Undergrad: 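My structure is below; once you've seen it, I'll send some questions.
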Amino acid sequence: MSEQNIPYEQSELYRLRHSAAHVMAEAVKELFPEAKLAIGPPIEDGFYYDFDLGKDENGKARTFTPEDLEKIELRFKELLKQNAKFEQYTLTVEQALVHFADQPYKLELIRDLAAGKVDEMGNPTTEPAQEVGIYQHRQFIDLCRGPHVGYTSQVRANAVKILRASGAYWRGDEKNPQLQRIYGTAWPNKVELDDYLKRLEEARNRDHRRLGKQLGLFHISQLVGSGLPLWLPNGAILREELERFLRQAQLDRGYLPVITPHIGKLDLYITSGHYPYYKDSQYTPIDVDGEQFMLKPMNCPHHIEIYKSESRSYRDLPLRLAEFGTVYRYEQSGELTGLTRVRGFTVDDSHLFVTPEQLEAEFIGVVSLIQHVFNTMGFHDFRARLGTNDPESDKYAGTPEMWAQGIKAIRQAADKVGMNYTLEVGEAAFYGPKLDFIFRDVLKREWQLGTVQVDFLLPQRFDLEYTGEDGQKHRPVMIHRAPFGSMERFVGILIEHFNGAFPLWLAPVQVMMVPITDRHNEYARQVAQELRAAGLRVQVDESDDRMNKKIRNAQLQKIPYMLVVGDKEAEAHGVAVRTRTGEDRGTVAVAAFKAQALILTTGKSMEL
RNA sequence: GCCAACGUAGCUCAAUCGGCAGAGCAAUGCUUUUGUAAAGCAUAGGUUAUGGGUUCAAGUCCCAUCGUUGGCUCCA
């Protein structure tokens, strides 16, 4: 029977993994009797369990060594095979507090349940609990609402694997103690486990960092600095194509280009509120003749100053200022990853200054532009998230009215275009709610790419105004938006999406000429020149490699077309077309190849 | 920033218990003139991330720093 339509939380696989987590914890408890248990839920593709192993003799937190993990895995598998039944029962809160007296994390969970605050995953509970759910197998007793499989042996010992250990803060808060987390995976059988491990291996092969090196797209130099990628020629060509595409789409939609500098006075960011708010993740200000300058962490204040450079009338609005603006943020060192999380990056930024009446239509216009961008890239696998403020938190500026108004505008616009989204409290920008477009990399990590944000706050902070039809001063609303998000991150995801085999219009080298012997080099150069004149990116492989090797090299570079030329082709003014998909199309006239290639590039086709 | 693992030639990796730093690919030179995924031979390439320490002897053991990777936290 197919489980495809059952939510994961109710699936057999979920029970299996939840049960695996318990048995693994049992193994840990055997090998480390002093270990304190935290939580151990199933997650996508597996499960984890968090432990506090106490301190070593130097007062440092005890951690799992790779040898510990081996022992745990061995014992884990033995315990699965030594069949035991999972028994479920409930204890009153009082009984549970006694039973878990030496398990401080469990006590905290029980007390929170009893107080009706939050459950073990931090989700609010509806009412105070009188009793708590317990699952027991053998002597291992855990606070748990299940569900589990019936017997431990239903989790196949040859279909589980311990993957890694890492630190993880108790309840995800860095102010709390750091626990030792063990990640594992569990599948119904060995075949599915092996499939999963193979998928992981394949994912590593399409990792943008690996492909970026292989295809000469970008390089990160220690001497330049962490998180400051250098775009190599192939990467720069790709990025410029993307920028050209979006620039044109924006011009078509009435955006106006602007260009602003990379630094700005500290006061600018104090006014905007960015500096106080993000102080810790900004590069230290530069002192110039006693004045403080920031590397810009955001483009909005600069664009706002452009808005303010002249008096504005309602006739000027909506004013859509766009720039590929490079910003610098001092991200925590542990966060940096290839192109997807960097310290210097370029936002395809735009700020729309609109009247309140125009807000919805402009928001819809932005969403449709983003849809156009994603459709062109063939991106369909993403989710949209409406990030709102958390009223409990003090990190959001502005009035409740502003927030309500912004959220309402986004909801109405999204509903009108039929966009599905999830609402997530506490995911807003400090100045306003936003609709984010979230993608996953090959390792299933989520990244925000496109974003649209509604902002009533900065217009107020900078005292923006326009003269209305009524001759009175009014305050505009701002929309911040970026379809790609960051060029770096977008290209990182793009590389993985296409596994480095970019559509023709984006391919850094579109055509590789493959002369069969060096007496064909001259003809290959002629054809290359002819194709370049038509705007195609063509290289000639004049190395003294044999033809087979030239083809192999072009294949490895994932170049869309290899044009083999020998005596036959030179005579007929033709080329023998081979695609990177391995297809041999035989000899065609140069003019015919050129015409066909141009149709595909101008149409931004996914086909070859 | 926190926890852990890792850092050897441009790239991918080897070097047993602490005992002469190696291979393939790439590069360079020569030979070969080739019809759809790797021709042959040769040459060159290293302060083993950096700085200290232990030792007769350190790529290998210890300490610190930097960086990378996987998590955690953060992400305007």
Side-chain angles (χ1 to χ4, degrees), chain A residues 48 50 60-66 68-69 163-183 204 207 209-210 213-214 219-223 225-227 269 272-275 277-278 280-282 296-301 327 329-338 341-342 347 349 395 397 427-432 434 436 443 445 447-448 451 453 455 458 480 482 486 489 514-521 543-556 562-569 576-580 582-587:
Chain A
Y48 67 80
D50 286 346
K60 254 192 93 194
R62 172 86 166 82
T63 59
F64 291 112
T65 65
D68 293 336
L69 293 184
L163 296 175
R164 59 180 164 267
S166 75
Y169 300 107
W170 167 238
R171 297 203 142 169
D173 187 337
E174 66 180 328
K175 291 183 206 76
N176 286 336
Q178 191 164 45
L179 307 172
Q180 301 307 311
R181 174 171 298 179
I182 300 181
Y183 283 95
R204 279 190 275 273
D207 189 312
R209 291 165 295 191
R210 182 186 163 92
K213 193 177 280 183
Q214 211 169 297
H219 173 67
I220 295 174
S221 147
Q222 283 196 28
L223 199 54
S226 296
Y269 302 102
S272 71
H274 288 105
Y275 182 71
Y277 197 80
Y278 293 104
D280 293 340
S281 47
Q282 292 178 358
K296 75 174 166 188
M298 263 313 235
N299 298 305
C300 22
V327 298
R329 301 177 184 172
Y330 194 78
E331 305 288 1
Q332 298 190 93
S333 58
E335 269 306 332
L336 303 176
T337 296
R341 190 75 187 266
V342 292
V347 184
D349 218 347
K395 70 177 223 183
E427 292 293 339
F430 77 87
Y431 48 73
K434 54 178 185 158
D436 290 329
L443 299 172
R445 293 178 291 208
W447 301 100
Q448 173 198 312
T451 183
Q453 307 165 357
D455 179 7
L458 293 184
H480 308 236
S486 114
R489 181 175 288 181
V514 179
I516 289 176
T517 76
D518 54 13
R519 74 171 181 276
H520 304 113
N521 286 355
S543 67
D544 49 9
D545 288 326
R546 297 171 67 183
M547 182 201 67
N548 287 298
K549 183 64 173 291
K550 292 176 185 177
I551 287 174
R552 177 181 155 82
N553 286 340
Q555 282 288 151
L556 292 174
M562 285 145 266
L563 301 185
V564 179
V565 291
D567 293 335
K568 269 192 301 185
E569 287 74 19
V577 179
R578 180 195 161 102
T579 67
R580 68 180 165 208
E583 189 188 347
D584 180 354
R585 293 193 180 155
T587 302

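Note that the structure is a prediction, hence the values are computed from the model and not measured. Within every chain, numbering begins at 1; the chains are lettered A, B, ... in the order of the sequence lines, protein sequences first and strands thereafter.
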Undergrad: What I want to check is whether the side chains of A:Q448 and A:R489 have a donor and an acceptor closer together than 3.5 Å.
TA: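 Result is no, nothing qualifies.
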Undergrad: Applying the Watson-Crick and G-U wobble criteria at under 3.5 Å, what pairs with B:U60? Answer none if nothing qualifies.
TA: none
Undergrad: Under a 3.5 Å cut-off for both distances, is B:C6 Watson-Crick or wobble paired, and to whom?
TA: B:G67
Undergrad: Identify whether a stacking contact exists between A:Y278 and B:A76, where the ring centres must be under 5.5 Å apart and the planes under 30° apart.
TA: yes
Undergrad: For B:A37 versus B:A76, give the span between their C1' atoms, rounded off to a whole number of Å.
TA: 47 Å
Undergrad: Kindly point out which of B:G70, B:A37, B:C75 is positioned nearest to the side chain of A:T337?
TA: B:G70
Undergrad: Please give, in whole Å, the distance from B:G71 C1' to A:L336 CG?
TA: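 Roughly 15 Å, once rounded to whole Å.
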Undergrad: So A:A576, base contact, sugar-phosphate only, or nothing? Heavy-atom distance under 4.0 Å.
TA: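 Base contact.
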Undergrad: Below the 4.0 Å mark, does B:A26 have OP1 or OP2 next to a side-chain nitrogen or oxygen of A:K213?
TA: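 Result: no.
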Undergrad: If you measure from the C1' atom in B:U28 to the same atom in B:C75, how many Å do you get, rounded?
TA: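 One C1' to the other, the span is 47 Å.
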Undergrad: How would you label the contact of A:Y431 with the nucleic acid (heavy atoms, under 4.0 Å): base, sugar-phosphate, or nothing?
TA: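 Answer is sugar-phosphate: A:Y431 comes under 4.0 Å of backbone atoms only.
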Undergrad: Measure from the side-chain heavy atoms of A:I516 and tell me the nearest of B:A26, B:U31, B:G35.
TA: B:G35
Undergrad: If you check every side-chain atom of A:T517, which of B:U33, B:A76, B:C66 has the closest atom?
TA: B:U33
Undergrad: Closest approach to the side chain of A:Q448, judged atom by atom: which nucleotide of B:G71, B:A76, B:U32 is it?
TA: B:A76
Undergrad: Taking the side chain of A:R519 as heavy atoms from C-beta outward, which of B:U36, B:U34, B:A76 is closest to it?
TA: B:U34
Undergrad: Have a look at A:S226 and say if it touches a base, only the backbone sugar-phosphate, or nothing, with a 4.0 Å heavy-atom cut-off.
TA: sugar-phosphate
Undergrad: Does B:G71 have its OP1 or OP2 closer than 4.0 Å to a side-chain nitrogen or oxygen of A:R445?
TA: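 Result: yes.
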Undergrad: Would you indicate which nucleotide in B:C75, B:G71, B:A4 comes nearest to any side-chain atom of A:T63?
TA: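 Looking only at side-chain atoms, A:T63 lies closest to B:A4.
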Undergrad: Step through the shown structure and confirm whether more than 12 heavy atoms of other residues, nucleotides or ligands are within 6.0 Å of OH on A:Y330.
TA: no
Undergrad: Which base, if any, makes a Watson-Crick or G-U wobble pair with B:C11, both distances under 3.5 Å?
TA: B:G24
Undergrad: Going by heavy atoms in the side chains, are A:R329 and A:Y278 under 4.5 Å from each other?
TA: no
Undergrad: Measure from the side-chain heavy atoms of A:R181 and tell me the nearest of B:C72, B:A4, B:U34.
TA: B:C72
Undergrad: Would you please confirm or rule out a distance under 4.0 Å between OP1 or OP2 of B:C72 and any side-chain N or O of A:Y183?
TA: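 So the side-chain polar atoms of A:Y183 do come within 4.0 Å of the phosphate oxygens OP1 or OP2 of B:C72, strictly under.
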Undergrad: Do A:R341 and A:E331 meet the salt-bridge criterion of a basic N to acidic O distance under 4.0 Å?
TA: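 Judged by the 4.0 Å cut-off on N to carboxylate O distance, A:E331 and A:R341 do form a salt bridge.
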Undergrad: Give A:L443 one of three labels, base, sugar-phosphate or nothing, depending on what nucleic acid heavy atoms sit under 4.0 Å from its own.
TA: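 If one applies the 4.0 Å heavy-atom cut-off, A:L443 turns out to touch the sugar-phosphate alone, with no base involved.
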Undergrad: Quick one: is A:S333 getting a side-chain N or O under 4.0 Å of the B:G67 phosphate, OP1 or OP2?
TA: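 Result: no.
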Undergrad: What is the distance from CD of A:Q222 to C1' of B:C6, rounded to the nearest Å?
TA: 14 Å
Undergrad: Could you tell me whether A:E427 contacts a base, only the sugar-phosphate backbone, or nothing, with contacts defined as non-hydrogen atoms closer than 4.0 Å?
TA: nothing
Undergrad: Could you state the atom-to-atom distance from CZ of A:R546 to P of B:G40 in whole Å?
TA: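 Result: 9 Å.
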Undergrad: Does the base of B:A76 carry an N or O that pairs as donor and acceptor with the side chain of A:S272 under 3.5 Å?
TA: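 Answer is no: no donor-acceptor pair is held.
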Undergrad: Base of B:C2, side chain of A:Q178 - is there a donor-acceptor contact under 3.5 Å?
TA: yes
Undergrad: Flag the pair A:R171 and A:D173 as a salt bridge only when some basic side-chain nitrogen lies within less than 4.0 angstrom of an acidic carboxylate oxygen.
TA: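 The answer is no: the pair does not qualify as a salt bridge.
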Undergrad: Rounded to whole Å, please give me the gap between CZ in A:R552 and C1' in B:A39.
TA: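 That distance rounds to 14 Å.
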Undergrad: Could you tell me the Watson-Crick or G-U partner of B:C17, where both distances fall under 3.5 Å? Say none if there is no partner.
TA: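 Partner of B:C17: none found under 3.5 Å.
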Undergrad: Please tell me if A:K175 has a side-chain N or O lying less than 4.0 Å from either OP1 or OP2 of B:C72.
TA: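 So the side chain of A:K175 is outside the cut-off, no N or O lying under 4.0 Å from OP1 or OP2 of B:C72.
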Undergrad: Tell me the partner of B:U54, counting only Watson-Crick (N1-N3 plus N6-O4 or O6-N4) or G-U wobble (N1-O2 and O6-N3) with both under 3.5 Å; none if nothing fits.
TA: none
Undergrad: Regarding A:E583, tell me which of base, sugar-phosphate or nothing describes its non-hydrogen contacts under 4.0 Å with the strands shown.
TA: nothing
Undergrad: Can you check the distance between B:C74 and B:A15, where both ends of the measurement are the C1' atom (answer in whole Å)?
TA: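 It works out to 41 Å between them.
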Undergrad: Ignoring the backbone of A:D544, work out which of B:C2, B:A76, B:U32 is nearest its side chain.
TA: B:U32
Undergrad: Using only side-chain N and O atoms of A:K395, determine if any of them is under 4.0 Å from OP1 or OP2 of B:A76.
TA: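 For B:A76, neither OP1 nor OP2 has a side-chain N or O of A:K395 closer than 4.0 Å.
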Undergrad: Without decimals, in angstroms, what is the distance between A:R580 CZ and B:A37 P?
TA: 17 Å
Undergrad: For residues A:T587 and A:E569, is any side-chain donor paired with an opposing acceptor at under 3.5 Å?
TA: yes
Undergrad: Give me the distance, rounded to whole Å, that separates B:A14 from B:A23 when you measure between the C1' atoms they each carry.
TA: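 Rounded to whole Å, the distance is 7 Å.
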Undergrad: May I ask you to say what A:N548 touches in the nucleic acid, namely base, sugar-phosphate or nothing, with a heavy-atom cut-off under 4.0 Å?
TA: sugar-phosphate
Undergrad: Would you mind reading off the distance between A:Q214 atom CD and B:U12 atom P, rounded to a whole angstrom?
TA: 10 Å
Undergrad: If I pick the C1' atom on B:C17 and the same atom on B:U55, what distance separates them, to the nearest angstrom?
TA: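 It works out to 15 Å between them.
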Undergrad: Mind checking A:D567 for me? I need base, sugar-phosphate or nothing, with any heavy atom below 4.0 Å counting as a touch.
TA: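 Base contact.
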Undergrad: Give A:G172 one of three labels, base, sugar-phosphate or nothing, depending on what nucleic acid heavy atoms sit under 4.0 Å from its own.
TA: sugar-phosphate
Undergrad: Given that both distances must come in under 3.5 Å, which nucleotide forms a Watson-Crick or G-U wobble pair with B:A44?
TA: none
Undergrad: When you get a sec, tell me which of B:G35, B:A76, B:C72 is the closest nucleotide to the side chain of A:Y169?
TA: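 My answer, after comparing the listed nucleotides, is B:C72.
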Undergrad: In whole angstroms, how far is the C1' atom of B:C25 from the CG atom of A:D545?
TA: 12 Å
Undergrad: Any side-chain N or O of A:R209 under 4.0 Å from OP1/OP2 of B:U69?
TA: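 So the side-chain polar atoms of A:R209 do come within 4.0 Å of the phosphate oxygens OP1 or OP2 of B:U69, strictly under.
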Undergrad: Can we say A:D567 and A:R519 salt-bridge, meaning some charged N sits less than 4.0 Å from an Asp/Glu carboxylate O?
TA: yes
Undergrad: Can A:Q453 and A:Y431 be counted as having a side-chain donor-acceptor contact under 3.5 angstrom?
TA: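 Checked: A:Q453/A:Y431 side chains pair up, N/O donor to acceptor below 3.5 Å.
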Undergrad: When rounded to the nearest 0.5 angstrom, what is the spacing between OH in A:Y183 and CG in A:D50?
TA: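 A:Y183 OH to A:D50 CG: 7.5 Å, rounded to 0.5 Å.
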Undergrad: A:H480 and A:N299: side-chain donor and acceptor closer than 3.5 Å?
TA: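 No - no donor-acceptor pair under 3.5 Å links their side chains.
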Undergrad: Give the rounded distance in Å between these two atoms: CZ of A:F430 and C1' of B:A76.
TA: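 For the pair A:F430 CZ and B:A76 C1', the rounded distance is 6 Å.
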Undergrad: Tell me which nucleotide, if any, is Watson-Crick or G-U wobble paired with B:A39 when both distances must be under 3.5 Å.
TA: B:U31
Undergrad: When you get a sec, tell me which of B:C75, B:C66, B:A37 is the closest nucleotide to the side chain of A:R489?
TA: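 Looking only at heavy atoms from C-beta outward on A:R489, the closest nucleotide is B:C75.
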Undergrad: Closer than 4.0 Å, any side-chain N/O of A:R210 to the OP1 or OP2 of B:U12?
TA: no
Undergrad: With both distances kept under 3.5 Å, what pairs with B:A76, Watson-Crick or G-U wobble?
TA: none
